[in-house]
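Every chain is numbered from 1 and lettered A, B, ... according to where its sequence line falls, protein lines coming before strand lines.
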Amino acid sequence: EDQVTQSPEALRLQEGESSSLNCSYTVSGLRGLFWYRQDPGKGPEFLFTLYSAGEEKEKERLKATLTKKESFLHITAPKPEDSATYLCAVRPGANSKLTFGKGITLSVRP
Amino acid sequence: KAGVTQTPRYLIKTRGQQVTLSCSPISGHRSVSWYQQTPGQGLQFLFEYFSETQRNKGNFPGRFSGRQFSNSRSEMNVSTLELGDSALYLCASSLASDNSPLHFGNGTRLTVT
């Protein structure tokens, strides 16, 4: 069965304190790995898609990387507005469903 | 471009009743997926529709059903509601290509009393 595990469950950072969020996965194949951000009371917002090991994507203070077994979301010099729950999801094969991890709740203190 | 629209935003129902939730996808998106989100289980996949056909189905009981119309709009129905059905129900749409990201609506918050 496809599994996605995210760690830690929660992370508290001081503004400007860089860190990384981890997403490890066990799937039969990997068609794509997706990162989302979810704010309270809202639906997940798409951030990145990664397709193969070694790939990296960047957006503002966020950088996502992918290996054969895990993905990292690096947050550089975070600001309070980066506080949210970050979700990772995998698609094992063509036209298959997305399987989500349980998310990492990030809190950035000013 | 308008995003995914879900109605209603909030619902309160009693046990045993049934409920219908509605989703309007982004214009041009032909695939619609439904997820249940709870604090303990996270996002759990319910089903996916593409061109009015169910393409994937999650491990939920038959009380949960859905459909998609020719304009790609979708509905999901839950019959004989149970307390455990209280959750945020999220709809997401995507383009037809098989590795497109999902774009989510803000969900319908269902409370069963």
Side-chain angles (χ1 to χ4, degrees), chain A residues 1-10 21 23-25 27-52 55 57 59 62 64 66 71 73 84-105, chain B residues 1-7 9-10 21 23-26 29-51 53-60 66 87-109 111:
Chain A
E1 186 180 326
D2 302 325
Q3 284 194 333
V4 181
T5 304
Q6 292 189 250
S7 63
E9 287 187 17
L21 312 181
C23 169
S24 62
Y25 58 90
V27 293
S28 50
L30 185 66
R31 191 79 172 167
L33 185 141
F34 302 80
W35 280 98
Y36 287 83
R37 168 194 170 125
Q38 186 173 23
D39 292 300
K42 294 195 171 183
E45 175 190 352
F46 170 68
L47 292 173
F48 304 109
T49 308
L50 300 167
Y51 297 101
S52 57
E55 189 174 2
K57 294 266 180 81
K59 180 180 178 179
L62 301 177
L66 181 64
S71 176
L73 185 64
T85 296
Y86 290 86
L87 297 159
C88 163
V90 298
R91 177 175 278 136
N95 298 322
S96 61
K97 65 176 185 178
L98 279 192
T99 297
F100 281 82
K102 292 192 176 181
I104 298 170
T105 300
Chain B
K1 199 172 187 181
V4 177
T5 303
Q6 290 189 247
T7 56
R9 284 283 279 136
Y10 302 94
L21 312 182
C23 172
S24 293
I26 293 171
H29 286 194
R30 293 167 62 192
S31 170
V32 173
S33 300
W34 288 89
Y35 285 80
Q36 180 195 68
Q37 187 175 34
T38 57
Q41 297 299 315
L43 277 118
Q44 300 288 307
F45 174 75
L46 283 156
F47 24 68
E48 180 200 2
Y49 287 88
F50 177 76
S51 292
T53 301
Q54 188 178 85
R55 185 156 70 176
N56 287 298
K57 188 177 188 306
N59 298 321
F60 278 80
L88 181 66
Y89 289 87
L90 291 162
C91 168
S93 71
S94 63
L95 289 168
S97 61
D98 79 277
N99 215 13
S100 308
L102 300 184
H103 296 274
F104 285 85
N106 286 327
T108 293
R109 170 74 62 185
T111 303

When the 4.5 angstrom heavy-atom criterion is applied to B:Gln37 and chain A, the contacting part is side chain
Closest non-hydrogen atoms of B:Leu88 and A:Gln38, given as atom of the first, atom of the second and distance, are CD2-NE2, 4.4 Å
A:Arg91 side chain to B:Ser100 backbone, donor-acceptor under 3.5 Å
yes
Applying a strict 4.5 Å limit to non-hydrogen atoms, the region of B:Arg109 in contact with chain A is neither
Closest non-hydrogen contact found for A:Pro44 with B:Leu90 is CD-CD1, 3.9 Å
Would you please indicate if the ring centroids of A:Phe46 and B:Phe104 are separated by under 6.0 Å? no
If one checks every heavy atom of A:Phe48 against chain B at 4.5 Å, the contacting part turns out to be neither
(Q) Assess the residue pair B:Tyr35 and A:Phe100 against the criterion (side-chain contact (heavy atoms from CB on, under 4.5 Å)); give the C-alpha distance rounded to whole Å, side-chain angles, the decisive distance to 0.1 Å, and a yes or no. (A) CA-CA 10 Å; B:Tyr35 285 80; A:Phe100 281 82; 3.8 Å; yes
Heavy-atom closest pair (A:Thr49 atom, B:Pro101 atom, distance to 0.1 Å) is OG1-CB, 4.3 Å
### Query
Can you check whether A:Phe34 reaches B:Leu102 side chain to side chain, under 4.5 Å on heavy atoms?
no
Honestly, the part of B:Phe47 sitting under 4.5 Å from a heavy atom of chain A is neither
* For A:Lys57, does the NZ atom sit with more than 12 other heavy atoms under 6.0 Å from it, leaving out its own atoms? -> yes
Chain B shares the most heavy-atom pairs under 4.5 Å, among A:Thr85, A:Leu98, A:Leu87, with A:Leu98
_Between A:Lys102 and B:Gln41 (side chain of the first, backbone of the second, donor and acceptor by atom type, cut-off under 3.5 Å), is there such a pair?_
no
Interatomic distance, NZ@A:Lys42 vs CG@B:Asn106, rounded to 0.5 Å, equals 6.5 Å
